[in-house]
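Every heavy atom of this structure was used, including side-chain atoms; hydrogens, water molecules and symmetry mates were not.
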Amino acid sequence: MTQAEIKLCSLLLQEHFGEIVEKIGVHLIRTGSQPLRVIAHDTGTSLDQVKKALCVLIQHNLVIYQVHKRGVVEYEAQCSRVLRMLRYPRYIYTAKTLYSDTGELIVEELLLNGKMTMSAVVKKVADRLTETMEDGKTMDYSEVSNTFVRLADTHFVQRCPWVPVTENSDPGPPPPAPILVISEKDMYLVPKLSLIGKGKRRRSSDEDAAGEPKAKRPKHGTDNKEPIPDDGIYWQANLDRFHQHFRDQAIVSAVANRMDQIFRSLPVGYNISKQVLDQYLTLLADDPLEFVGKSGDSGGGMYVINLHKALGSLATATLESVVQERFGSRCARIFRLVLQKKHLEQKQVEDFAMIPAKEAKDMLYKMLSENFISLQEIPKTPDHAPSRTFYLYTVNILSAARMLLHRCYKSIANLIERRQFETKENKRLLEKSQRVEAIIASMQATGAEDAQLQEIEEMITAPERQQLETLKRNVNKLDASEIQVDETIFLLESYIESTMKRQ
Amino acid sequence: MAGNKGRGRAAYTFNIEAVGFGRGEKLPDVVLKPPPLFPDTDYKPVPLKAGEGEEYMLALKQELRETMKRMPYYLETPEEKQDIERYSKRYMKVYKEEWIPDWRRLPREMMPRKKCKKGPKSQKAKATGKGASLTNTADVLKKIEELEKRGDGEKSDEENEEKEGSKEKNKEGDDDEDDDAAEQEEYDEEEQEEENDYINSYFEDGDDFGADSDDNMDEATY
């Protein structure tokens with residue numbers, strides 16, 4: 001794992017789970033697989049805290065355990081899974097577009113809790129949806145169940161590996177850790193439950209209780225002692241399936257853009273007849289993008305979507321775009337040129353791009369120094385003398401993609417740090433604003449006059465309001481940037497993964 | 001080596017023209033320090049995407065961030081000193097639900113250990129046995145016991161660490177020792193953090209701890 005990735009993981013863990021979990025998580029990412037005592041010793045953390053942290057990390061599928069010889073259990077962190085936390089909003093939003101609010105909340109609960117039983121999810125989501133409904137209306141469990149089943153059928157949620165049912169006749173001491181199993185055919189099997197009930201609104205008396213001083217004895221959230229029908233059957237969000245969806249979306253929208261261009265050169269009269277469809281497909285197949293390939297003529301021609309090429313094109317487009325935005329359009333022209341011609345000499349670049357030599361050199365070296373372009377040496381003589389060697393500029397898409405991906409990780413880490421900095425700088429003001437809001441809210445609840453409310457509001461001066469506005473704007477920008485950089489990360493990672501699979 | 005023009009004379013080993021500098025032309029300055037922290041960019045960045053989807057995801061992201069801080073998975077660091085102890089903070093503390101992991105899915109060593117000197121409160125089935133995470137019926141008594149022994153429990157964990165180091169074999173031994181009466185402990189942040197300044201490991205680990213000491217944590221330290 002690169003330093004940039006580790007740094008980003010550290011920021012993500014700390015924001016979502018606090019410093020203890022961050023310390024343990026980052027330690028495992030750095031050192032690899034370790035047993036419990038070693039972790040405690042190396043990090044200087046108490047055993048108790050290490051255990052808690054590990055439980056949280058395991059619950060959220062960020063750490064796995066393995067039993068080694070002599071019963072030693074080792075824990076291993078999954079760095080790439082930690083980085084997926086950046087994408088949670090996107091997963092949830094996608095679920096919303098596909099399965100509306102119910103689906104959205106199901107996926108959100110699963111992501112927030114790592115893993116849950118179906119009955120727990122259904123109940124929680126029904127409660128949440130009921131909160132948003134008008135008085136007197138409630139959300140029925142069956143409706144939530146149905147959406148859950150649909151999500152399972154389309155593989156957006158899947159079963160977690162489970163503890164196999166062993167016969168009790170097994171003598172001897174129990175193993176140090178359960179070996180969890182998973183089988184393809186059962187991964188999306190929904191248990192036969194008859195969940196009957198409706199969502200409950202949180203009673204207002206509960207809200208009052210929340211304001212009282214905490215007794216030592218915590219209140220129990222749910223007092224049900226009923227047996228859970230699907231006890232032990234846990235579900236998690238299937239991130240790979242979401243990725244598949246994103247990938248398809250990306251390709252479809254890229255093609256759609258393309259189609260627009262093609263469409264304009266087609267005859268007017270937009271009735272998709274068989275011939276026109278045929279034309280479309282032929283055009284796509286001939287298109288330099290190479291998304292669609294024609295394989296054989298059976299049934300009038302079989303068209304195939306070339307996924308790897310599609311991803312390659314998307315990655316390339318990303319690279320071009322970055323070059324354009326960073327270095328200017330002339331640089332971008334040179335870049336595209338080298339991409340197209342594969343290998344070019346200095347002189348050839350100047351000629352083809354029609355850019356004066358000095359500028360061309362400058363641009364090439366700028367791109368070279370940032371590793372968008374690389375040099376290929378072709379010696380003319382066996383002694384590799386520099387004066388008798390061809391130096392060709394070329395774009396190695398895979399390594400350029402890796403470089404850009406690395407920069408993306410750094411970018412997001414910077415964005416997060418800046419956001420935390422901005423928030424910290426204004427901490428005093430933020431806290432004041434929160435207190436004022438709390439006071440106003442409680443005053444409104446007890447029925448206060450407008451004049452009084454006005455007075456309280458004025459506790460925050462105009463310049464302070466301005467400051468808060470600016471802060472909000474900045475934080476929003478930084479957050480939005482994070483989300484968008486993650487989109488680029490997704491494209492690049494998909495391409496790199498697809499390329500590595502073929503090798 | 002061939003190509004060495006003269007002693008002490010600067011000479012390039014390659015054709016300088018190929019790199020792009022004419023003969024005798026002034027070479028650019030040598031770089032003496034690292035590049036600036038925030039270099040100027042020639043071009044303004046492209047504006048962010050703005051659409052319904054993007055806005056929704058932004059709101060989601062910020063909401064999730066807040067929500068996660070309130071979940072039981074967010075482990076607070078126990079010693080956080082505030083600059084001014086605000087009276088209102090005590091009353092604005094967010095209530096956190098407990099979370100008890102499903103022990104059946106976890107390695108046995110994950111379960112917190114308690115040295116039960118006063119005999120087992122309740123015989124629990126082995127950790128890999130079935131049984132949903134039960135809440136004890138004798139909750140109140142147990143919690144009082146826990147509060148008393150909490151300091152002891154943590155201390156004894158640390159002691160174990162020192163004694164055994166990272167010897168794997170002893171870990172197994174340790175497991176067996178406490179195992180038969182291994183209690184389920186609830187991960188209870190509220191209990192562990194009493195609302196006072198006392199250090200958790202204040203108590204010396206004596207043999208008669210719990211039995212005869214009446215100077216327990218409720219008294220102030222001087």
*Asks:* What about A:Phe17 and A:His60, are their ring centers closer than 6.0 Å?
*Replies:* yes
*Asks:* Sort out for me which of A:His16, A:Glu15, A:Glu325, A:Arg326 touches chain B most, counting heavy-atom pairs under 4.5 Å.
*Replies:* A:His16
*Asks:* Determine, using ring centers only, whether B:Tyr56 and A:Tyr93 are less than 6.0 Å apart.
*Replies:* yes
*Asks:* Could you tell me which portion of A:Leu180 (side chain, backbone, both or neither) has an atom closer than 4.5 angstrom to a non-hydrogen atom of chain B?
*Replies:* side chain
*Asks:* Can you tell me which portion of A:Glu108 sits under 4.5 Å from chain B's heavy atoms? Options are side chain, backbone, both or neither.
*Replies:* side chain
*Asks:* Heavy-atom distance under 4.5 Å to chain B: side chain of A:Gln14, backbone, both or neither?
*Replies:* backbone
*Asks:* Would you indicate whether the side-chain heavy atoms of A:Ile39 and A:Ile24 approach each other to under 4.5 Å?
*Replies:* yes
*Asks:* I need the residue from A:Glu487, A:Arg388, A:Glu22 with the largest number of non-hydrogen atom pairs under 4.5 Å to chain B.
*Replies:* A:Glu487
*Asks:* Given a strict heavy-atom distance threshold of 4.5 Å, which part of A:Tyr65 is in contact with chain B: side chain, backbone, both, or neither?
*Replies:* side chain
*Asks:* Side chains of A:Ile483 and B:Glu54: closer than 4.5 Å at any heavy-atom pair?
*Replies:* no
*Asks:* Can you confirm whether A:Val322 sits close enough to A:Phe327 that some side-chain heavy atom of one is under 4.5 Å from a side-chain heavy atom of the other?
*Replies:* no
*Asks:* Taking the ring of A:Tyr234 and the ring of A:Trp162, is the distance between their centroids below 6.0 Å?
*Replies:* no
*Asks:* Under 4.5 Å between any side-chain heavy atoms of A:Val73 and A:Pro35, yes or no?
*Replies:* no
*Asks:* For chain B, which candidate among A:Gln484, A:Lys96, A:Lys115, A:Arg90 shows the most heavy-atom pairs at distances under 4.5 Å?
*Replies:* A:Gln484
*Asks:* Pick one of side chain, backbone, both or neither for B:Met71, based on which atoms fall under 4.5 Å of a heavy atom in chain A.
*Replies:* side chain
*Asks:* When heavy-atom pairs shorter than 4.5 Å are enumerated against chain B, which of A:Arg419, A:Glu482, A:Lys477 gives the highest number?
*Replies:* A:Arg419
